[in-house]
Protein chains: 2
Amino acid sequence: MQDRSLDRQPLLQPRPEGTDDSTLPPTPEATPTKRRILLAGLKLFAERGYHATSIRDIAAGAGVQSASLYSHFASKEAILAELVLIGHDEHHRDLLSALLGSGVEPRQQLVALVGAHVRGHCRYPTLAVVANHEMAQLSEEALAPAAAIRRHSEAILLELLTRGEQQGAFRLVQLDATRVAIATMGSSVATWYPTYRDLFTPDQLADAYATLALRMVGADEAVS
Amino acid sequence: MQDRSLDRQPLLQPRPEGTDDSTLPPTPEATPTKRRILLAGLKLFAERGYHATSIRDIAAGAGVQSASLYSHFASKEAILAELVLIGHDEHHRDLLSALLGSGVEPRQQLVALVGAHVRGHCRYPTLAVVANHEMAQLSEEALAPAAAIRRHSEAILLELLTRGEQQGAFRLVQLDATRVAIATMGSSVATWYPTYRDLFTPDQLADAYATLALRMVGADEAVS
DNA sequence: GTCTATACTATGATAGAC
DNA sequence: GTCTATCATAGTATAGAC
C-alpha cells in the first residue's frame, strides 16, 4: 500500500512547496514548467541522490504528472544532464568574470579567483552538490558538455599558479598538490556551508579562504 | 530479455574478478563470504552509488546468489552501514595513533594529523568515498555509530588548532574556516588520488599537504 | 502540453528444499 | 549457509484522449 496522494491531487492546486526558485540561476530559455521540473529535480537529486529519486518524485515536486516530464525532457538522465551543465556553466562564468576584474598581479588574481569560487558555492550550494556529486551518474555523452567546461575551469587555476611562480609572486610547495587542495577545499564549501550559515557570510568566508590560499602559495598575506 | 549469466554460473567457479581484497582493511570478525560481500558492495557503491547498485549486482560480485546475502546481512542498507562504520573507524584509529606518536608540539601534531588523514585517504580511497558520500543514504539509526566516531574525529583537529593558537604556535586566519578547509582538502584526496597515482606517492602527498596545512595555520614552515 | 492508463522491467526481500 | 523460485512493489517510459 503506497501513498500516491501527490499524484492524485486536483489540478490548479498551489504547487507543492520546497522548490525554492533561488536555488537555480536564471534560465531564460526554459518555460515556467520546465524550470519547475529543473528546480524539483535539483532539490531531490541533492537531497537523495539521482538514483534514489524517481520520475514520479520529480513530477510531484514540479506539480505535474510524471508523463508530462517527457514533453520537456527526453529522459530522467536529461534532467540531470541539464542541471550539471547549468552548474558548470555558472561556475565557469563566475571564475572568468572574477579574473577579468582583478588586475594583473597574481596575488590579486588568486584572491579574486578563490573568492569567486567560494561565493559561487555559497550562493548555489545545491546546484554545486548536484553538479559535482551526481555528475558521476551521467553517461559519457550526457556529461561531455559539462566535462569540457570543467577542464577549462581547472586550467584557469593551473595557469595562475604557474605564472605566479614564474614571476616570483608565489613560492609553491608543489604545483599539483596546491592546485587540487585549493580547488577541493573551495568546492567542499557547497556541502557544509548551508548548515553553518550562521558562522559566516559568503563574503567573510570568501575572504578567509582567499587568505588561506595566499598562505598556501607562499605569497605575502597583505590583501589590498 | 535480460542477461543474467552471472546469476546462472555453475558453482565452484572462480569468483568474479574485480573485488580487490586490499580495498578494505582487515575484518577479523567477518567470515570469508561476508567479507566478499562487503568487498563487492564497496566496489559497486563507490562506482555507481548505493541506489544504482542492486542486491543482485552485489551477489554476483561476491559469487553468491542474491538470497544468500540475507544470511549475512539483514538488508542492503546493513551492508552499506557496515562499510560506512568500518571506514569511519579505520580513519579515527589512524588519526589517534598519529597523534599519540607525534610529541607535544602543535606543529608536529598538525603534521602528523594531516599526514595520517591524507595517507588514509590514499590507502583506502574507495572506502573513504563510500563512507563520506553514500553515508547520506543511511537512515539516522543506521548511521548513528559512524556519526559518533565522525564527531570525535572532527573534534581532534578543532582541539589541536585551538591549543596551537593559545600557545602561540599558530596564527589562525579564522578557526572554523581553517579547520574545515584542512579537513575537506584532505578528504577530497580519496576522490582524485586514484586517477593521479603517478604524480605522488602517498607519503609525498602527505608531506605536501602537511606543509600546506602549516602555512594555512601560520606556523613556521620548517618540519623536523 | 497535460492528463489517465498501462506496458514492461528491475527491485528488495522471503519461502522452503537441500 | 546456499540454492531455486517467487512475491509484491517501484521503476522508466509510452500510448492515446483531450
Side-chain angles (χ1 to χ4, degrees), chain A residues 1-16 29-38 40-41 44-45 48-82 134 137-139 142, chain B residues 1-16 29-38 40-41 44-45 48-82 134 137-139 142:
Chain A
M1 214 69 63
Q2 186 67 16
D3 181 7
R4 288 287 176 66
S5 55
L6 283 175
D7 275 359
R8 297 279 154 73
Q9 67 185 339
L11 307 181
L12 299 174
Q13 283 258 125
R15 303 293 175 195
E29 308 277 271
T31 62
T33 302
K34 182 170 180 180
R35 184 173 171 91
R36 285 207 320 278
I37 294 168
L38 287 170
L44 291 164
F45 292 159
R48 312 178 185 174
Y50 174 70
H51 277 103
T53 301
S54 78
I55 221 81
R56 289 175 178 82
D57 294 333
I58 300 170
V64 295
Q65 292 303 311
S66 64
S68 303
L69 298 184
Y70 294 89
S71 299
H72 301 273
F73 295 93
S75 65
K76 179 181 161 186
E77 187 185 33
I79 301 176
L80 177 59
E82 182 143 340
E134 305 306 318
Q137 307 297 338
L138 292 175
S139 66
Chain B
M1 214 68 63
Q2 187 66 18
D3 181 8
R4 288 285 177 69
S5 55
L6 283 175
D7 275 359
R8 297 279 154 72
Q9 67 186 339
L11 306 182
L12 299 174
Q13 284 258 125
R15 304 293 175 195
E29 308 277 271
T31 62
T33 302
K34 182 169 180 179
R35 184 173 171 90
R36 285 207 319 279
I37 295 169
L38 287 171
L44 292 164
F45 292 158
R48 312 179 186 174
Y50 174 70
H51 277 102
T53 301
S54 78
I55 221 80
R56 288 171 179 80
D57 294 332
I58 300 170
V64 294
Q65 292 302 311
S66 64
S68 303
L69 298 184
Y70 293 90
S71 299
H72 301 274
F73 295 94
S75 65
K76 180 182 162 186
E77 187 186 34
I79 301 176
L80 176 60
E82 182 143 339
E134 304 305 317
Q137 306 298 337
L138 292 175
S139 66

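Values in this document were obtained by computation on a predicted structure and should not be read as measured data. We name chains A, B, ... by the order of the sequence lines, and we start the count at 1 in each one.
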**Student:** Could you give the CD-to-C1' distance, from Q65(A) to dG16(D), as a whole number of Å?
**Tutor:** 16 Å
**Student:** In this structure, how many angstroms lie between the C1' atom of dT2(D) and the CZ atom of R36(B), rounded?
**Tutor:** 11 Å
**Student:** In whole Å, what is the span from the CG atom of L44(B) to the P atom of dG12(C)?
**Tutor:** 12 Å
**Student:** Using modelled atom types only, decide if a donor and an acceptor are shared between the side chain of K76(B) and the backbone of Y50(B) within a distance under 3.5 Å.
**Tutor:** yes
**Student:** Nearest whole Å is fine: how far is dT6(D) C1' from R56(B) CZ?
**Tutor:** 10 Å
**Student:** In whole Å, I'd like the distance from the OH atom of Y70(B) to the P atom of dA5(D).
**Tutor:** 19 Å
**Student:** If you check every side-chain atom of V64(B), which of dC3(D), dG12(C), dT2(C) has the closest atom?
**Tutor:** dC3(D)
**Student:** Shortest non-hydrogen contact from L44(B) to T53(B)?
**Tutor:** O-OG1, 3.3 Å
**Student:** May I have the distance from F73(B) (atom CZ) to dA13(C) (atom C1'), rounded to whole angstrom?
**Tutor:** 16 Å
**Student:** Return the value, rounded to whole Å, for the distance between atom CG of D57(B) and atom P of dT11(C).
**Tutor:** 6 Å
**Student:** Select one nucleotide: of dT2(D), dA13(C), dA13(D), the one nearest the side-chain heavy atoms of K76(B).
**Tutor:** dA13(C)
**Student:** Measure the distance from CD1 on I55(B) to P on dT9(C) and round it to the nearest whole Å.
**Tutor:** 22 Å
**Student:** Over all heavy atoms of both residues, which pair between A78(B) and A74(B) is shortest? Give the atoms and the distance, please.
**Tutor:** CB-N, 4.1 Å
**Student:** Quick check on dG11(D): is either OP1 or OP2 less than 4.0 Å from any side-chain nitrogen or oxygen of H51(A)?
**Tutor:** no
**Student:** Nearest 0.5 Å, what's the CD-NE2 distance between E134(A) and H51(A)?
**Tutor:** 9.5 Å
**Student:** What contact category does S71(A) fall into here, base, sugar-phosphate, or nothing, at under 4.0 angstrom with non-hydrogen atoms?
**Tutor:** base
**Student:** Is a side-chain donor or acceptor of E77(B) paired with a backbone partner of S139(B) at a separation under 3.5 angstrom?
**Tutor:** yes
**Student:** Which is true for T31(B) with a 4.0 Å heavy-atom rule: it touches a base, it touches only sugar-phosphate, or it touches nothing?
**Tutor:** nothing
**Student:** With respect to the phosphate group of dG1(D), does any side-chain polar atom (N or O) of T33(B) fall under 4.0 Å of OP1 or OP2?
**Tutor:** no
**Student:** So what does S54(A) touch, heavy atoms closer than 4.0 Å: a base, only the sugar-phosphate, or nothing?
**Tutor:** sugar-phosphate
**Student:** Closest approach to the side chain of A67(B), judged atom by atom: which nucleotide of dA13(C), dG1(C), dA5(D) is it?
**Tutor:** dA5(D)
